[in-house]
Amino acid sequence: MQSITLKRPDDWHIHLRDDTYLARTVGDAARYFGRVLVMPNLVPPVTSVELAAAYRDRILKHAPSGFSPLIALYLTDETSKDMVAAAAATPFTPAFKLYPAGATTNSAFGISAIEEMFPIFEAMQEQDVILSVHGEVTDQEVDIFDREAVFIDTILSRISTTFPALRIILEHITTREAVEFVQDASAKVAATITAHHLLYNRNDMLAGGMKPVHYCLPVLKRNVHQTALISAATSGDSSFFIGTDSAPHPRHAKENACGCAAGCYTAHAALELYTEVFEAEGQLDRLEAFTSEFGADFYQLPRNEDSIELIRQDWQVASALTFGNDELVPTRGGDVVRWQVRTGDRPPLSDGAI
């Protein structure tokens with residue numbers, strides 16, 4: 001039986017939603033992650049330290065001991081320099097999340113004129129607060145498969161050049177262009193990579209009929225981009241690290257014939273899925289750095305001291321999971337995952353399978 005021991009990993013990009021949904025999402029995320037960076041795109045959004053503190057309290061009601069949620073604040077036109085200073089002074093708000101208005105789920109409160117945010121970026125640079133970026137343009141004349149590359153060329157390159165000391169994370173990258181941009185940038189620029197963008201490409205979503213379980217934003221791209229992501233994630237380059245972008249939606253929203261909700265739920269098996277990718281590339285010795293070291297280092301936080309152990313043993317994912325009063329279909333639902341955590345996991349509140 002093959003096994004691998006890792007420092008306890010963190011997840012530097014996750015969606016937990018709120019209220020009755022938290023029992024599911026927090027239970028899955030807390031199973032083996034030490035820290036998670038929770039995205040703020042609720043309705044209304046989490047825009048201030050005070051709102052983040054209240055949200056964090058709601059999350060912790062469902063969390064076992066040892067689980068530490070950090071909260072990214074939602075960057076809006078109303079974000080002020082005082083709000084940046086407050087975030088910098090608060091240990092659990094290390095970043096602001098930039099959503100271009102209309103780019104993804106609950107992004108209507110996002111930014112429409114990036115240049116007008118430059119004074120805020122300057123304040124973030126001075127206070128050493130991280131800028132977390134959903135990197136897509138929203139111009140309807142730009143093809144959806146090109147929106148990340150165009151964002152990098154027209155917007156992100158200007159931000160990174162204008163604010164060279166600003167720490168920037170290009171989240172959930174999906175393209176070869178994003179990989180190359182991060183590789184060519186300074187050590188102040190990094191990227192997160194999801195399990196689903198490593199495992200799947202647009203053929204998996206579209207060939208033989210639309211598979212809503214794979215629909216996410218940024219959307220899955222061609223296999224040449226998937227290959228570039230796999231190479232980056234398994235390269236040992238500290239600029240790339242884990243960020244699941246696990247994003248649950250009720251089944252009725254995901255399987256809606258008109259308006260399929262964007263997001264893939266992977267928190268139930270995230271680490272196991274990443275492990276499959278690294279195993280396939282013959283790079284299991286680099287998995288710990290990607291999942292447990294590089295992200296903590298970029299966020300200037302200590303690496304976790306405890307560990308978890310995974311074993312090479314098949315298990316079948318439930319075809320559906322409870323999700324408040326709804327149900328959701330997880331990535332790999334009904335299918336087999338080849339790795340599982342044997343030690344170091346925290347018992348869930350309930351199994352949640354239906």
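Applying the ring pair (Phe, Tyr, Trp, His ring centres under 6.0 Å) test to F145 and every residue at least two apart in sequence or in another chain returns nothing. For E279, the salt bridge (charged side-chain N to carboxylate O under 4.0 Å, His left out) test picks out R312, with sequence neighbours left out. By the side-chain contact (heavy atoms from CB on, under 4.5 Å) test, A228 is found to be paired with R176, V179, residues two or more places apart in sequence or in another chain being considered. The ring pair (Phe, Tyr, Trp, His ring centres under 6.0 Å) search around H197 returns none, not counting sequence neighbours. Listed by chain and number, the residues in a ring pair (Phe, Tyr, Trp, His ring centres under 6.0 Å) with H268 are Y265 (sequence neighbours excluded). Applying the salt bridge (charged side-chain N to carboxylate O under 4.0 Å, His left out) criterion to E126, with sequence neighbours excluded, gives no partner residue. With sequence neighbours left out, the salt bridge (charged side-chain N to carboxylate O under 4.0 Å, His left out) criterion links R167 to D128.
S3 places no side-chain N or O within donor-acceptor distance of the main-chain N or O of I311, the cut-off being under 3.5 Å. The backbone N or O of V337 sits nowhere less than 3.5 Å from a side-chain atom of E272 that would complete a donor-acceptor pair. Looking only at distances, a side-chain donor or acceptor of R17 sits under 3.5 Å from a matching main-chain atom of P248. Not a single donor-acceptor pair under 3.5 Å links the side chain of K97 to the backbone N or O of A95. Formation of a donor-acceptor pair under 3.5 Å by the T192 side chain with backbone atoms of G243 is not found in this model. A donor-acceptor contact shorter than 3.5 Å links the side chain of T79 to the backbone of T76. Formation of a donor-acceptor pair under 3.5 Å by the R31 side chain with backbone atoms of V26 is not found in this model. A distance-only check finds a donor-acceptor pair linking the side chain of R346 to the backbone of G66 [under 3.5 Å]. Judged purely by atom type and a 3.5 angstrom limit, K254 uses its side chain to pair as donor or acceptor with the backbone of G263. Proximity of a side-chain donor or acceptor of R56 to a complementary backbone N or O of L60 within less than 3.5 Å is not detected.
A donor-acceptor contact closer than 3.5 angstrom links the side chains of D10 and N304. T5 and E309 form no side-chain donor-acceptor contact under 3.5 Å, judged by distance and modelled atom types alone. Counting only N and O atoms by type, the side chains of H214 and R202 include no donor and acceptor under 3.5 Å apart.
With a 6.0 Å radius and a threshold of 12 heavy atoms from other residues, nucleotides or ligands, K81 has its NZ atom at or below the threshold. Annotation for E78: atom CD does not count as buried by contact number, only 12 or fewer foreign heavy atoms lying within 6.0 Å. Atom CG of D335 is surrounded by more than 12 heavy atoms from other residues, nucleotides or ligands within 6.0 Å.
Proximity of T25 to H62: side-chain heavy atoms (C-beta onward) are nowhere separated by under 4.5 Å. At least one side-chain heavy atom of I168 sits less than 4.5 Å from a side-chain heavy atom of V133.
For D28 and R24, the salt-bridge test passes: some basic side-chain N is under 4.0 Å from an acidic carboxylate O. Using a cut-off of 4.0 Å between Lys/Arg side-chain N and Asp/Glu carboxylate O, R338 and D314 are scored as not salt-bridged. A salt bridge links R303 with D297; the closest basic N to acidic carboxylate O contact falls under 4.0 Å.
Within the structure, the ring pair (Phe, Tyr, Trp, His ring centres under 6.0 Å) test picks out the following pairs touching residues 15-56 (sequence neighbours left out): H13-H15, Y21-F323. The ring pair (Phe, Tyr, Trp, His ring centres under 6.0 Å) contacts involving residues 269-290 comprise Y274-F290, F278-F290, where partners must be two or more places apart or lie in separate chains. The side-chain hydrogen bond (donor to acceptor under 3.5 Å, both in side chains) analysis of residues 227-238, with sequence neighbours excluded, yields the pairs D237-S239. Sorted by first and then second residue, the side-chain hydrogen bond (donor to acceptor under 3.5 Å, both in side chains) pairs involving residues 144-153 (not counting sequence neighbours) are E148-T174, E148-T175.
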Walk me through whether W12 and I242 qualify under side chain to side chain contact (heavy atoms under 4.5 Å, CB included). CA-CA 6 Å; W12 297 106; I242 184 173; 4.1 Å; yes
Pair Y215, H249 - check side chain to side chain contact (heavy atoms under 4.5 Å, CB included), show working. CA-CA 11 Å; Y215 178 65; H249 293 280; over 6 Å; no
From CA spacing to verdict: side chain to side chain donor-acceptor pair (under 3.5 Å), D11, T244: CA-CA 6 Å; D11 183 354; T244 66; 2.5 Å; yes
E276/R332 under salt bridge (Lys or Arg N to Asp or Glu O under 4.0 Å): CA gap, chis, key distance, verdict: CA-CA 12 Å; E276 287 189 5; R332 202 70 72 80; 2.9 Å; yes
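Using cut-offs of 30° and 60° on the angle between ring planes, the pair F241 and F298 is tilted. By the 30° and 60° cut-offs, the orientation of the rings of H134 relative to Y99 is tilted.
To the nearest 0.5 Å, the span separating CG on L166 from CD1 on I159 amounts to 8.0 Å.
Checking T291, T343, L271, I4 one by one against I308, the side-chain contact (heavy atoms from CB on, under 4.5 Å) holds for a single residue, L271.
The hydrophobic cluster containing V329, built from Ile/Leu/Val/Met/Phe/Trp/Tyr side-chain heavy atoms closer than 4.5 Å, also comprises V213.
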